Amino acid sequence: MKEYELYIPTYYNDRRPVGPEKFDSLQEILLQQFGGVTYFSVPNSGLWRMADVVYRDEVVIYRVITSEAKSARRFFELLKQQLKVELEQEEILIVERDVRTL
């Protein structure tokens, strides 16, 4: 089993808020693809450094679990490119981990 977490920014890079329809749409896409999704809607703060500049962002997290890792990776590679364009981001973080369910 694989678990995937998507860290989705709540603001565009120019600090405009991402509209709720974007989050609703992503939730529906993940629900359709994987049959279930967990959405952590409370924004989490993240920091990262590039050169001498520290950046701060707020993200919400989506989590899905699947036994179809190969097709999930293909799906997320395409989704990542789409989200980078739609959300006007340089990068979208998607984490893949091995999990076991009880």
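All values derive from a computational prediction rather than experimental measurement.
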(request) Check Asp57 against Arg15 and note the closest heavy-atom contact, atom names and distance. (result) OD1-NH1, 4.2 Å
(message) In the structure I gave you, are the side-chain heavy atoms of Leu30 and Phe75 within less than 4.5 Å of one another anywhere?
(response) yes
(message) Going by side-chain hydrogen bond (donor to acceptor under 3.5 Å, both in side chains), name the pairs with one or both residues in residues 17-34, residues two or more places apart or in two chains.
(response) Glu28-Gln32
(message) Test side-chain contact (heavy atoms from CB on, under 4.5 Å) on Val60 and Phe40; report intermediate values, then the result.
(response) CA-CA 6 Å; Val60 293; Phe40 299 90; 5.9 Å; no
(message) Is there a side-chain contact (heavy atoms from CB on, under 4.5 Å) between Tyr55 and Arg49? Walk through the geometry before answering.
(response) CA-CA 6 Å; Tyr55 295 90; Arg49 182 184 310 270; over 6 Å; no
(message) Quick one, Tyr62 with Ile8, criterion side-chain contact (heavy atoms from CB on, under 4.5 Å). Give me CA distance, side-chain angles, the key distance, then yes/no.
(response) CA-CA 8 Å; Tyr62 290 85; Ile8 306 300; 3.8 Å; yes
(message) Quiz question: by atom type and distance under 3.5 Å, do the side chains of Gln82 and Glu86 form a donor-acceptor pair?
(response) yes
(request) List in chain and number order the residues that pass side chain to side chain donor-acceptor pair (under 3.5 Å) with Glu96, two or more places apart in sequence or in another chain; answer none if no residue qualifies. (result) Tyr4, Arg73
(message) Quick one, Pro17 and Thr10 - any side-chain contact, counting heavy atoms below 4.5 Å?
(response) no
(message) I need the minimum non-hydrogen distance between Gln89 and Tyr11, along with the two atoms involved.
(response) NE2-O, 3.4 Å
(message) Any non-hydrogen side-chain atom of Met1 less than 4.5 Å from a side-chain atom of Ile65?
(response) yes
(request) Just do the side-chain contact (heavy atoms from CB on, under 4.5 Å) check on Glu58 and Arg56 with the steps written out, would you? (result) CA-CA 7 Å; Glu58 288 186 4; Arg56 181 176 191 270; 4.0 Å; yes
(message) Please find the pair of heavy atoms, one from Ile94 and one from Phe76, that lie closest to each other, and give the distance.
(response) CD1-O, 3.9 Å
(request) Locate the shortest heavy-atom distance separating Phe34 from Ala72; write the atom from each residue and the value. (result) CE2-CB, 3.9 Å
(message) A quick test of your reading: do over 12 heavy atoms of other residues, nucleotides or ligands sit less than 6.0 Å from CG of Asp14?
(response) yes
(message) Contact between Ile92 and Pro9 at the side-chain level, heavy atoms closer than 4.5 Å - yes or no?
(response) yes
(request) Could you list the residues that satisfy side chain to side chain donor-acceptor pair (under 3.5 Å) with Asp98, not counting sequence neighbours? (result) Lys2
(request) Please name the pair of heavy atoms, one in Glu90 and one in Asn13, separated by the smallest distance, quoted to 0.1 Å. (result) N-ND2, 4.2 Å
